[in-house]
Amino acid sequence: MRIADKNYQSIWVHEEDPSIIQVIDQRYLPFQLKIKNLQTPEDVVHAISDMIVRGAPLIGVTAAFGVYLAVLKFRNLENANQLIQEAANIIKASRPTAVNLSFAVNKQLEVINKIEKPDEKLNISFKTAVQLMQDEILACKKIGNFGKSILEQIALKKNGEAVNILTHCNAGWLATVDYGTATSPIYMAHNQRIPVHVWVDETRPRNQGARLTSWELGKHGVPHTIIVDNAGGHLMQTGKVDIVIVGSDRTALNGDTANKIGTYLKALAARDNNIPFYIALPVSTIDRSLEKGLKHIPIEERSVEEIHYMEGLNSQNKLERIRITPENSKALNYGFDVTPARLITGLITNHGICKATSNDIKQLLQAQ
Ligand code: MRU
């Protein structure tokens, strides 16, 4: 997507040096656009766990490059296979909920382990990571085209008034490689002059909505309004939301979906108000080993510092971190919740739109 007059992805290979993987450091947005170089598997683990990169598809692609960087580092050592495997295990453990992480690392190991020669290993691991990156871009483009048709249908009934979409967290191009999942149908609709307006949940405590989704929508000229996380129910009750579209970190085979904490409450409010609630995801976010999601998807618990402190620009335009809670109060910081399939109207995937049921999802996967 474009920032000013330049096209960006959230991750790419350095133009002149393929041993450097470059990412947008998302910790500084929307205040500063900083590019970070990743050159070792340790850099990748830090980037994922510290949320320099975040969002399920982007975590997966970064992890794939992490395995490539491990091959680059260890390939000529006597115990290369063991060291690469150990690095892959550490990368896999860097965040627990997004299934794209293990999907990408396993894919890399599958191809690397078949090859003996160090330089061939390097070559194939590079190609695999690049392929995964391209696949995610294409998947998001397809999600956009399928999802746009839903927005078109709603627009037809609104006589030129904007379609109001509510989204939670950042399932935009920053969370994928390009286009986004939940945002892709919105960008496609906007590009075709279908009037859209997005309600952006701020998404405490990391504020991915307020900081990232609003930034990307703004750069693309999409009308949007930031709301506090608890406003969605009221907006739905008062007829101001036509559809909810969110992303997924892991969807089980029955459609249960883990996404950023608070998604479940939005789904409940949408159901109570008869508002369609869609999950947009590439099929790489479907966990084929999990029949049910509820109580089975691992839910990340993050540092309570994220709750106790907030970050923003001070009056001197400098990034500042301030404490917002009493010194001795305890806090608890779950990063995700699981929305049961029964509350989900449908899944918008790169293979088409389907119901959030075991039958439909299995059929969709078989049709690949
Ligand atoms: O903790 P984050 O910022 O990695 O969480 C991201 C989300 O929950 C996204 O909605 C999800 O990964 C889908 S991204 C296309």
Side-chain angles (χ1 to χ4, degrees), residues 10 23-34 36 38 42-60 62-63 90-101 166-172 174-176 180 182 199-216 226-232 246-250 257-266 297-314 318-339:
S10 59
V23 295
I24 294 178
D25 190 335
Q26 301 193 20
R27 297 170 306 176
Y28 294 98
L29 289 174
F31 310 112
Q32 295 161 17
L33 180 62
K34 284 196 184 186
K36 180 131 183 113
L38 309 178
E42 294 78 15
D43 287 349
V44 165
V45 171
H46 172 240
I48 295 174
S49 53
D50 217 32
M51 293 176 68
I52 291 169
V53 295
R54 26 72 44 206
L58 176 58
I59 290 172
T62 312
I90 297 170
I91 293 169
K92 255 202 235 182
S94 55
R95 283 192 81 188
T97 303
V99 75
N100 307 57
L101 178 53
L166 185 140
T167 193
H168 191 64
C169 194
N170 173 260
L174 289 166
T176 60
W199 296 112
V200 178
D201 280 353
E202 63 174 348
T203 321
R204 279 281 290 145
R206 296 284 295 217
N207 295 317
Q208 290 95 326
R211 293 182 65 153
L212 305 177
T213 305
S214 57
W215 182 78
E216 17 169 309
I226 302 166
I227 52 173
V228 296
D229 288 325
N230 294 324
V246 296
S248 166
D249 282 82
R250 189 187 300 225
T257 292
N259 192 50
K260 182 53 57 195
I261 192 85
T263 302
Y264 170 48
L265 291 177
K266 296 295 133 61
I297 298 177
I299 299 295
E300 178 176 22
E301 208 181 311
R302 294 190 60 84
S303 162
V304 296
E305 299 266 296
E306 292 181 350
I307 292 183
H308 290 308
Y309 293 89
M310 278 193 89
E311 190 188 56
L313 282 190
N314 67 16
K318 291 235 152 59
L319 259 186
E320 196 168 280
R321 196 168 168 258
I322 52 164
R323 180 149 186 134
I324 57 163
T325 58
E327 274 300 329
N328 298 320
S329 291
K330 284 208 309 190
L332 177 63
N333 189 13
Y334 286 119
F336 300 91
D337 58 25
V338 177
T339 300

(message) As a test of understanding, state which of Asn207, Val200, Leu29 forms a side chain to side chain contact (heavy atoms under 4.5 Å, CB included) with Leu212.
(response)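 Answer after filtering Asn207, Val200, Leu29: Leu29.
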Supply the atom-to-atom distance [X] [atom1] to [Y] [atom2], rounded to the nearest 0.5 angstrom.
X	Y	atom1	atom2	value
Thr263	Lys260	OG1	NZ	8.5 Å
Lys36	Ile24	NZ	CD1	14.0 Å
Asn230	Asp201	CG	CG	9.0 Å
Gln208	Arg54	CD	CZ	5.0 Å
Thr325	Ile307	OG1	CD1	8.5 Å
Asn333	His308	CG	NE2	9.5 Å

(message) How about OH on Tyr309, more than 12 heavy atoms from neighbouring residues, nucleotides or ligands closer than 6.0 Å, or not?
(response)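 Atom OH in Tyr309 is crowded, with more than 12 foreign heavy atoms closer than 6.0 Å.
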(request) Compare every heavy atom of Ile299 with every heavy atom of Phe336, then report the nearest pair and how far apart it is. (result)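 Where Phe336 meets Ile299 most closely, the heavy atoms are O-CG2, 3.2 Å.
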Do [X] and [Y] make a side-chain contact, defined as non-hydrogen atoms from C-beta onward lying under 4.5 Å apart?
X	Y	answer
Glu216	Asn170	yes
Asp229	Thr203	yes
Val45	Ile91	yes
Asn100	Ile59	no
Glu42	Ile90	no
Leu101	Ser94	yes
Glu306	Arg206	yes

(request) I would like to know whether Leu166 and Ile227 meet side-chain contact (heavy atoms from CB on, under 4.5 Å); could you show each step before the answer? (result) CA-CA 10 Å; Leu166 185 140; Ile227 52 173; 3.9 Å; yes
(message) Taking Glu320's backbone N and O only, do any of them form a donor-acceptor pair with Asn314's side chain (distance below 3.5 Å, no angle check)?
(response)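 Side chain of Asn314 to backbone of Glu320: no pair is present.
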(message) Would the distance check show the side chain of Arg211 and the main-chain N or O of Phe31 forming a donor-acceptor pair, the cut-off being under 3.5 Å?
(response)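 Side chain of Arg211 to backbone of Phe31, a donor-acceptor pair under 3.5 Å: no, none is there.
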